[in-house]
Protein chains: 2
Amino acid sequence: MDARGEARKHVRIADDLRAMIRSGELRDGDRLPGENTIMERYGVARMTARQALADLQNEGIAVARKGAGVFVRTFRPVRRFGNRRLGRDVWGSGRSIWDVDETQGPAEVDRLTVREVPAPDDAARLLGVPPGTPVISRDRRYLVAGRPVQHAVAYIPAVIAAGTPIADEDTGPGGIYARLAELGHAPVKFTEEIRARMPTREEVEALALAPGTPVVSIARVAFAQDGHVVEVSQLTLSAAEYILHYEFDA
Amino acid sequence: MDARGEARKHVRIADDLRAMIRSGELRDGDRLPGENTIMERYGVARMTARQALADLQNEGIAVARKGAGVFVRTFRPVRRFGNRRLGRDVWGSGRSIWDVDETQGPAEVDRLTVREVPAPDDAARLLGVPPGTPVISRDRRYLVAGRPVQHAVAYIPAVIAAGTPIADEDTGPGGIYARLAELGHAPVKFTEEIRARMPTREEVEALALAPGTPVVSIARVAFAQDGHVVEVSQLTLSAAEYILHYEFDA
DNA sequence: TAGTGGTCTAGACCACTCC
DNA sequence: GAGTGGTCTAGACCACTAA
């Protein structure tokens, strides 16, 4: 049916549309041919045209706007400097680690909840404490230029943090790490474990994710001088918004 | 229509199926209710049942096997130690950086192509050379336990690598980095830039990716003592197969 | 061979956007 | 108000899997 010997109509149509995008014939934000146009041009049924457009959306290269059309998707990811932003010189000087990221536009915090809770299983495992151990949980969402880009939950043992500014909504200059340092629990080492996956329904809502957008899930562990874990963070980033950057010596 | 006030039938059905998975009623590898079962149980048309099953597949939590059914998907990712594996002590001792990863099963290389080519634009940019500058391109696929898990292309300036073992199919113990060191271009610093996205059609084929599986794309740059770039690698990993691990000091 | 998912048709009604 | 994508129905044929 086509040069590649692909017979399935929806794949054939999707290939055509993808070629129009890759060639530059269609650019960021341009409208793709609609269902009706495809039905007419290729002589196919509505569901077949829809399947072709759905393929592109699941690839993350197109996005539908109800009542308007299907459009070529644009990406403007932000560089997040994994180790540089967590250097002592950053939070030690009272700056936010967010200042290091190459965000274009103001960063805000949203939906902030600070509570003392029993440690959930995975956090307890990373903290090296029995499940259910009291921890301060800091749950919040980050917005850049009004767009939600990240959901983050930090867990700090209540033994360390209860009754300190870490349990307040505003942790002050330098954030959690500066306060931990003042309390004699300065982080000296971090690990980050990164995986990518498709979002849950809840994440799609919280991060306003378009179809075909994965999330990057980061589990960060902060170690103090004596090797004890002082904080664990579970971060969920929109993959469309971030490039993660790490640098290290050989 | 349901507790959440969700009226769309396919979403409602998908929610039910997802709940069966999350609750443990259905476990890894178990078969989900089929199209016919769903049509009957919910009194919906075939396309509606299909849409519900497609939702779960696009989330990456179910996988269809034609003629057999739709099954709960299993994950067994491997931990990849971003900086530890690139330490001088690894390749300097003649070991492969792959030995550091927590693979369960033998790792193999596949579809290896070594050529001298003009540097593609993005590689040239990272190498800090004009586009089209001659480079040795090493293109290969990695398999673990017979399953393709990663596609990798390394670019090394031909000025450095032409006529050396780096341009051979087998680069010898310690790989490219050990050879570069022997040539007086030992890498002393690396950067890795990570993003996640849905795969292209070609990547779906090359990595045998199930629907709903993102890829992790890593651009690695190796710097020599004088700050010059001696190698650039573009890695494409199946997100279902990998957890990336980095550690660094505050 | 019976059952499965993959593809496709030809209709329908709806909510939404844009002019 | 015309056009758009979202949802849904009720059929059909096919290739594939598994008993």
Side-chain angles (χ1 to χ4, degrees), chain A residues 1-2 4-17 26 29-73 201 204-205 208-212, chain B residues 1-2 4-17 26 29-73 201 204-205 208-212:
Chain A
M1 189 148 187
D2 81 340
R4 293 175 207 76
E6 176 60 66
R8 289 128 81 207
K9 295 186 185 177
H10 73 94
V11 176
R12 163 91 163 75
I13 297 169
D15 282 349
D16 282 356
L17 299 175
L26 290 175
D30 283 355
R31 185 171 174 276
L32 290 161
E35 296 177 359
N36 296 327
T37 307
I38 293 172
M39 288 168 69
E40 188 186 317
R41 189 180 299 173
Y42 291 91
V44 296
R46 169 169 230 87
M47 287 305 294
T48 307
R50 280 186 64 73
Q51 182 64 53
L53 290 169
D55 288 350
L56 300 184
Q57 292 175 62
N58 287 330
E59 278 174 44
I61 60 178
V63 60
R65 279 165 35 208
K66 200 201 281 195
V70 179
F71 299 83
V72 179
R73 196 163 158 197
R201 275 240 298 167
V204 169
E205 186 278 323
L209 299 170
Chain B
M1 188 151 188
D2 80 340
R4 291 177 210 78
E6 177 60 64
R8 288 129 79 207
K9 295 185 184 178
H10 72 95
V11 176
R12 163 93 163 74
I13 297 168
D15 283 348
D16 281 357
L17 299 174
L26 290 175
D30 282 356
R31 185 171 175 277
L32 289 161
E35 295 177 0
N36 296 328
T37 308
I38 292 172
M39 288 168 67
E40 187 186 317
R41 190 179 299 173
Y42 291 91
V44 296
R46 172 170 229 87
M47 287 305 292
T48 306
R50 281 184 64 71
Q51 182 64 52
L53 292 168
D55 289 350
L56 299 183
Q57 292 175 63
N58 287 331
E59 277 174 45
I61 60 179
V63 60
R65 277 165 37 208
K66 200 200 283 196
V70 179
F71 299 84
V72 180
R73 196 162 159 198
R201 276 239 297 169
V204 168
E205 186 277 325
L209 298 171

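A, B, ... follow the sequence lines: proteins, then strands. Residue 1 opens every chain. Everything numeric here is computed off the predicted structure, so don't read it as measured data.
Closest to the H10(A) side chain, of the nucleotides dG6(C), dT9(D), dT7(C), is dT7(C).
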- Message: Output one letter per nucleotide in nucleotides 11-16 of chain C: B when a protein non-hydrogen atom lies under 4.0 Å from the base, S when only the sugar-phosphate is that close, - when neither is.
- Response: -B---B
Show the atom names and distances, to 0.1 Å, of all donor-acceptor pairs under 3.5 Å that link a side chain in residues 47-56 of chain A to residues at least two apart or in another chain.
{"from": "R50(A)", "atom 1": "NH1", "to": "E35(A)", "atom 2": "OE2", "distance (Å)": "2.6"}
{"from": "Q51(A)", "atom 1": "NE2", "to": "D55(A)", "atom 2": "OD1", "distance (Å)": "3.0"}
{"from": "D55(A)", "atom 1": "OD2", "to": "H10(A)", "atom 2": "ND1", "distance (Å)": "2.8"}

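Judged as a salt bridge (Lys or Arg N to Asp or Glu O under 4.0 Å), and not counting sequence neighbours, E40(B) has no contacts. Listed by chain and number, the residues in a side chain to side chain contact (heavy atoms under 4.5 Å, CB included) with A210(B) are V63(B), R73(B), T213(B) (sequence neighbours excluded).
The neighbour count for R41(A) CZ, taken as heavy atoms of other residues, nucleotides or ligands under 6.0 Å away, does not exceed 12.
OP1 or OP2 of dG6(D) sits under 4.0 Å from a side-chain N or O of R50(A). OP1 or OP2 of dT9(C) lies within a sub-4.0 Å distance of a side-chain N or O belonging to T48(A).
In this structure, CD1 in I38(A) is found 13.5 Å from NZ in K9(A), a value given to the nearest 0.5 Å. The distance from the OH atom of Y42(A) to the OG1 atom of T37(A) is 11.0 Å, given to the nearest 0.5 Å.
Looking at residues 52-60 of chain B, you'll see that no heavy atom sits under 4.0 Å from any atom of DNA chain C. Scanning residues 34-42 of chain A for heavy-atom distances under 4.0 Å to DNA chain D yields G34(A), E35(A), N36(A).
Here dT9(C) presents its C1' atom at 18 Å from CZ of R8(A), a figure rounded to the nearest Å. At whole-Å resolution of the value, CD1 in I13(B) and C1' in dT9(D) are 13 Å apart. If you take CD of Q51(A) and C1' of dG5(C), they are 13 Å apart, rounded to a whole angstrom.
G69(B) and R31(B) get closest at one heavy-atom pair: CA-NE, 3.7 Å.
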